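So the structure is just underneath, and the comments pick up after that.
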Amino acid sequence: MSPSSTPYFLTTPIYYVNDSPHIGHAYTSLACDVIARFLRSEGSEVMFLTGTDEHGQKVEKSAKQHNLDPQKFVDEVSKRFRKLSELMDFSNDDFIRTTEARHIKSCQALWKRISDGKTPNGQDSNIYLGKYDGWYSVRDEAFYDESELIKDTKNPSNYLAPTGASVEWVEEPSYFFRLSAWQDKLLEFYENNPEFVAPQSRRNEVISFVKGGLRDLSISRTSFSWGIPVPDDDSHIMYVWLDALTNYITGINFPEITSDKWNKYWPASLHMVGKDILRFHAVYWPAFLMSAGIEPPQRVFAHGWWTNEGQKISKSLGNVIDPEVIVRKYGVDAVRYFLLREVPFGNDGYFSHASMVTRINKDLANDFGNLAQRVLSMISKNFEGVIPYPQKNAECNFKSFETLSLSQNLLSKVSPLIHKQAFNEALDRIWEVVREANRSIDKDEPWKLKKKNKSGMGTILWLQAETIRNLAIILKPFMPQSMDRLLDQLNIPLDERNIVNLHEDNEGDICQKYSLRPDSKLPKPVAIFPKYICEFED
Ligand code: MSP
């Protein structure tokens with residue numbers, strides 16, 4: 001039943017620990033969490049990895065500003081990202097930190113494999129010692145060519161990175177990765193793997209960047225020490241991006257490439273990243289891997305960025321959206337729903353409290369909450385809270401019967417959308433059925449059957465309750481806590497709340513095979529999505 005029952009390995013970027021977590025970090029991980037939960041629910045084996053990026057100049061600088069030893073500093077800040085996982089209800093299987101011994105070992109092993117290998121011409125070594133003279137941005141942890149810099153509008157004699165970050169001139173001995181030699185192999189790889197970069201517009205950007213010519217990449221630093229020593233030359237530490245990208249293979253046991261975990265999960269199914277870090281994942285990372293004789297990942301999806309009411313989110317502007325604050329205000333599931341519903345995944349998003357409240361009150365409270373509340377309270381009031389037994393199919397000519405079919409066919413529409421990271425479209429499809437369910441109750445008018453056809457009324461409510469069960473199971477990866485509360489209210493056993501427990505047809509005795517059990521006494525209904533009442537300031 002599942003489109004892919006092969007093991008699925010997905011990763012978030014690992015987060016810099018120079019800063020507290022904000023909505024952007026929560027977003028990348030949330031997208032992965034929904035996929036991970038969905039695929040597990042479909043019966044796939046999933047490995048979901050996240051963690052923190054703890055080396056480099058940026059983190060070293062932040063530690064200094066806090067007057068802390070870098071290790072103490074990263075220990076503290078890394079905890080905040082673990083807490084973010086708890087707050088947002090993320091179901092990651094592992095949390096990796098780049099200061100862990102397993103990761104240091106993995107980075108050094110990868111370096112050795114790269115340096116032992118040769119470029120595609122079979123003659124040059126992949127790594128050589130040289131000197132870097134050029135621009136570096138600590139904020140981006142990236143090297144920039146002079147031609148990429150832009151004029152600082154506030155101070156025209158000054159130049160900035162294309163991202164707007166400040167740059168500094170660096171001159172130091174450095175090891176280089178012979179990226180230039182991998183250009184054709186990369187282009188061939190993109191050609192043979194059209195799904196490797198998504199969305200499509202980002203793929204085009206990557207291809208034209210590589211076609212434009214690649215320069216060798218500096219992959220070690222000597223002017224500071226907060227990093228992983230280069231094997232056999234500890235006067236150098238590894239460039240923080242080589243260190244950070246390697247986390248994806250450390251997380252599944254590299255360099256133990258005979259281990260079960262490695263064999264099961266590499267190549268990764270999906271690296272989820274923000275659009276700002278696509279080049280590192282779609283150009284440098286596959287080149288590093290190919291040069292080490294390791295297969296590149298299957299897919300990199302670059303999502304868009306959130307602005308706060310249209311303004312770039314930044315600490316200096318003081319407009320950072322703290323996930324803890326909005327979760328406290330609106331509830332974790334409403335935040336999860338909003339972030340994936342509001343914009344097509346891949347596009348930039350405009351965060352505003354007004355649109356958050358509209359989503360809560362319209363989609364969650366009015367549409368879905370109301371559907372559940374109507375059905376459950378009619379069962380409570382008219383059937384003493386016991387799920388009514390439905391009539392046989394043949395006798396059913398209620399509109400609610402069609403709605404149940406729609407909810408049964410929903411998975412075949414939603415699943416492919418989740419597999420291609422189209423969350424907003426998936427939620428759209430689900431809401432079409434939610435609205436249809438509400439319309440069908442209005443059409444069937446079960447309240448009018450109370451006296452003359454009680455068993456008809458019971459059938460409608462059973463059909464609707466079963467529809468709600470299907471919807472709740474499909475929605476559970478998006479809103480795990482509220483859907484569990486709803487499934488509790490339908491008395492669905494804990495081990496029957498997965499997609500594998502959905503049924504696809506209405507043939508035969510409709511209630512025999514469903515987990516919604518007629519005659520089961522339900523708890524008193526409680527609203528799952530109350531309306532959000534805006535507080536007005538005086
Ligand atoms: N440490 C690197 C990643 C290394 S992965 C091998 C890094 N870290 S980060 O903490 O700066 O960013 C992590 C993720 O958060 C990125 O995917 C980035 O796109 C995302 N976001 C940061 N701000 C964001 C928004 N305002 N909106 C959406 N996502 C944003 O880069």
Side-chain angles (χ1 to χ4, degrees), residues 10-32 49-59 62 74 77-78 80-81 84-85 88 90 95-99 103 106-107 110 137-142 161 163-165 202 227-228 238-251 268 270-286 288-289 297 300-317 319-323 326 335 338-340 342-343 345-352 421:
L10 82 170
T11 65
T12 74
I14 46 171
Y15 301 106
Y16 284 130
V17 286
N18 63 308
D19 209 352
S20 297
H22 63 65
I23 195 81
H25 307 127
Y27 186 52
T28 317
S29 294
L30 169 64
C32 288
L49 179 69
T50 187
T52 42
D53 188 353
E54 306 190 354
H55 289 128
Q57 214 172 347
K58 173 151 85 170
V59 172
S62 285
V74 298
V77 187
S78 176
R80 295 189 210 155
F81 283 90
L84 175 73
S85 272
M88 294 293 297
F90 296 150
F95 187 100
I96 189 165
R97 299 182 53 193
T98 54
T99 48
H103 181 66
S106 161
C107 280
L110 181 66
S137 157
V138 177
R139 193 187 87 184
D140 300 347
E141 293 285 19
T163 56
R202 300 277 171 214
I228 297 177
M238 290 183 202
Y239 172 39
V240 66
W241 267 101
L242 173 55
D243 164 345
L245 288 160
T246 306
N247 95 84
Y248 300 134
I249 56 176
T250 309
L270 174 67
H271 293 320
M272 182 68 79
V273 300
K275 62 181 183 181
D276 54 318
I277 55 174
L278 178 61
R279 189 181 294 181
F280 298 95
H281 285 82
V283 181
Y284 304 159
W285 182 227
F288 291 151
L289 288 167
V300 178
F301 191 105
H303 66 67
W305 268 45
W306 283 92
T307 59
N308 187 349
E309 317 251 351
Q311 212 178 28
K312 184 176 185 325
I313 297 176
S314 93
K315 219 158 67 174
S316 53
L317 291 172
N319 65 352
V320 168
I321 302 161
D322 180 348
I326 55 169
V335 172
F338 172 82
L339 291 175
L340 294 179
E342 191 64 3
V343 281
F345 199 64
N347 292 6
D348 289 340
Y350 179 104
F351 184 92
S352 81
Q421 299 85 39

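Residue numbers start at 1 and run along the sequence shown. Counting starts at 1 for both ligands and their atoms, following the listed order. None of these values were measured; they are calculated from a predicted model.
Among the atoms of Asp276, some N or O lies under 3.5 angstrom from an N or O of ligand 1. Considering backbone and side-chain N/O atoms, Tyr16 comes within less than 3.5 Å of an N/O atom of ligand 1. Considering backbone and side-chain atoms alike, Trp306 places an N or O below 3.5 Å from some N or O of ligand 1. Note: no N/O pair closer than 3.5 Å links Pro13 and ligand 1 by distance alone.
Interface of Gly304 with ligand 1, defined as ligand atoms under 4.0 Å from a residue heavy atom, comprises 28 (C). Numbered from 1 in the order shown, with element, the atoms of ligand 1 that lie under 4.0 Å from a heavy atom of Asp53 read 1 (N), 2 (C), 4 (C). Which parts of ligand 1 touch Tyr15 is read off a 4.0 Å heavy-atom cut-off, strictly below it: atoms 10 (O), 13 (C), 14 (C). The distance from ligand 1 to the heavy atoms of Ala244 drops below 4.0 Å at these ligand atoms: 6 (C). Short contacts between ligand 1 and Leu245, defined as distances under 4.0 Å to a heavy atom of the residue, involve ligand atoms 6 (C).
Protein heavy atom at the shortest distance from atom 16 (C) of ligand 1 is Ile277 CD1, 3.8 Å. For atom 15 (O) of ligand 1, the nearest non-hydrogen atom of the protein is His25 CD2, 3.7 Å. The protein non-hydrogen atom at the shortest distance from atom 17 (O) of ligand 1 is Gly274 N, 2.8 Å. Protein heavy atom nearest atom 3 (C) of ligand 1, with residue, atom name and distance: Ile14 O, 3.2 Å.
For the residue pair Tyr16 and Thr52, no side-chain donor N or O sits within less than 3.5 Å of a side-chain acceptor on the partner. Side-chain contact of Thr98 with His103: a donor-acceptor pair under 3.5 Å is absent, judged by distance alone. For the 3.5 Å distance criterion, the side chains of His303 and Thr28 qualify, holding a donor opposite an acceptor.
Counting heavy atoms from C-beta outward, Phe288 and Pro286 have side chains that stay 4.5 Å or more apart. Within the 4.5 Å cutoff, side-chain heavy atoms of Leu270 are placed close to those of Phe301. In this structure the side chain of Val240 never reaches within 4.5 angstrom of the side chain of Val59, judged on heavy atoms. Trp241 has its side chain within reach of Ile277: a pair of non-hydrogen atoms, C-beta onward, lies under 4.5 Å apart.
The residue Phe280 has no part lying near ligand 1, judged by heavy-atom distances below 4.0 Å. Under 4.0 Å from ligand 1, the heavy atoms of His22 that appear belong solely to its side chain.
Look at His303 and you'll find a heavy atom under 4.0 Å from some atom of ligand 1. Residue contacts with ligand 1 do not include Gly349, since none of its heavy atoms lies under 4.0 Å from the ligand. In this structure, Tyr248 counts as a contact residue of ligand 1, since one of its heavy atoms falls inside 4.0 Å of the ligand.
Electrostatic pairing of Arg97 and Glu54 counts as a salt bridge here, judged by a charged N lying under 4.0 Å from a carboxylate O. Taking a cutoff of 4.0 Å between a charged side-chain nitrogen and a carboxylate oxygen, Asp348 and Lys275 qualify as a salt bridge.
Centroid-to-centroid, the aromatic rings of His281 and Tyr248 come within less than 6.0 Å. Taking the six-membered ring where the residue is Trp, the centroids of Tyr27 and Phe345 are separated by under 6.0 Å.
Nearest-residue assignment for atom 25 (C) of ligand 1 (options Trp305, Trp241, Phe351; heavy-atom criterion): Trp305. Looking at Gly56, Gly24, Gly51, it is Gly24 that brings a heavy atom closest to atom 30 (C) of ligand 1.
A side chain to side chain contact (heavy atoms under 4.5 Å, CB included) with Leu49 is found for one member of Ile14, Thr250, Ile96 and no other, namely Ile96.
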